[in-house]
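Since the structure is predicted, the reported quantities are computational estimates derived from the model, not experimental observations.
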Amino acid sequence: KNRGKNQMYFFKPEDYTNFLRKRYIRSCLRKAIGDNYAGFELHFQPIIMSANENLFAAETLLRFRTPAGENITPFEFIPILEDTGLIIPVGKWILRNALLMCKKCREVYPDFVISVNFSYIQILKSPLFEDITEALEEVGLPPQALIVELTESGHLENRTAVQNVWRKL
């Protein structure tokens, strides 16, 4: 059906295996969100200034573990979050917790900055700019404390929604 009318597709057993795997991960993601994001973890990759080798910032990395303890790679779970729209609540959770970490780091490194990746789905289907400004205000950080990165930006450059968000940012 997804391929349109007058199309033919031959069943392959690995397609069914892939379908079951995605369904399992989707179920685990929904359960995790319902359980206050249990299973999601943020990791922070340091960003060092090459000129003086000082810590400047950190990039936020999302990880996910199922209730059974299986680590699911971002390559597997991020597309499922995007396809289901679950990236929107998870993205808000990421943003808030990354900013909280940034605030803690600023106690030692006053100019510390946190980098957060946002999905194109968040730009197209949520009030991303408002979410960002609200989170910054809630945590008590200035806008300069956040680096905004957009995934899949190549095919979105001419989209009005993307241009509007970037202009506001």
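L55 and L61 fall into different hydrophobic clusters, defined by Ile, Leu, Val, Met, Phe, Trp and Tyr side-chain heavy atoms under 4.5 Å apart, directly or through other members. The hydrophobic cluster containing F75 does not contain F118, counting ILVMFWY residues as joined when their side-chain heavy atoms lie under 4.5 angstrom apart, directly or transitively.
Here the straight-line distance linking atom CD of E53 with atom CD1 of I48 works out to 8.5 Å at 0.5 Å rounding. Expressed to the nearest 0.5 Å, how far CG of L128 lies from OG1 of T133 amounts to 9.5 Å. Residue H43 holds its NE2 atom at 13.0 Å from CD of E59, rounded to the nearest 0.5 Å. The distance from the CG atom of L29 to the CD1 atom of I80 is 6.0 Å, given to the nearest 0.5 Å. I87 CD1 to K125 NZ: the interatomic distance, rounded to the nearest 0.5 Å, is 12.5 Å. With rounding to the nearest 0.5 Å, the separation of CG in L100 from CG in L42 is 10.0 Å.
When all heavy atoms are compared, the tightest approach of F112 to C102 is O-SG, 3.7 Å. Contact detail for I25 and E76: the closest heavy-atom pair is CD1-OE2, 3.4 Å. Minimum interatomic distance between A38 and A32 (heavy atoms only, all atoms of both residues): O-CB, 2.9 Å. Annotation for P46 and F44: closest pair CD-O, 3.6 Å, computed over non-hydrogen atoms. For the pair L146 and L95, the tightest heavy-atom approach, listed with the atom from each and the gap, is CD2-CD1, 4.1 Å. Contact between R96 and V139 at its shortest, heavy atoms only, is O-CG2, 4.3 Å.
Between R21 and N18, the side chains place no donor N or O within less than 3.5 Å of an acceptor N or O (distance only, hydrogens not considered). No donor-acceptor contact under 3.5 angstrom links the side chains of D111 and Q144, judged on distance only.
Annotation: side chain of R30 is in contact with side chain of T84 (closest heavy-atom distance under 4.5 Å).
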Checking V116 against V148 for the side chain to side chain contact (heavy atoms under 4.5 Å, CB included) test, could you report, in this order, the C-alpha distance in whole Å, the side-chain angles of both residues, the deciding distance, and whether it holds?
CA-CA 6 Å; V116 177; V148 174; over 6 Å; no

Can you check side chain to side chain contact (heavy atoms under 4.5 Å, CB included) on K22 and D83, steps first, answer last?
CA-CA 11 Å; K22 286 180 183 178; D83 289 345; 6.0 Å; no

Checking side chain to side chain contact (heavy atoms under 4.5 Å, CB included) for the pair L62/F77: CA distance, chi angles, key distance, verdict?
CA-CA 10 Å; L62 180 64; F77 74 81; 3.5 Å; yes

Walk me through whether T60 and I94 qualify under side chain to side chain contact (heavy atoms under 4.5 Å, CB included).
CA-CA 8 Å; T60 307; I94 293 168; 3.9 Å; yes

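Grouped with V113 in one hydrophobic cluster are I47, M49, F56, I147, the linkage being side-chain heavy-atom contacts under 4.5 Å among Ile, Leu, Val, Met, Phe, Trp and Tyr residues.
Note: Y37 and F40 have tilted aromatic rings, judged against thresholds of 30 and 60 degrees for the angle between ring planes.
Environment of OH in Y24: crowded, with over 12 heavy atoms of neighbouring residues, nucleotides or ligands closer than 6.0 Å.
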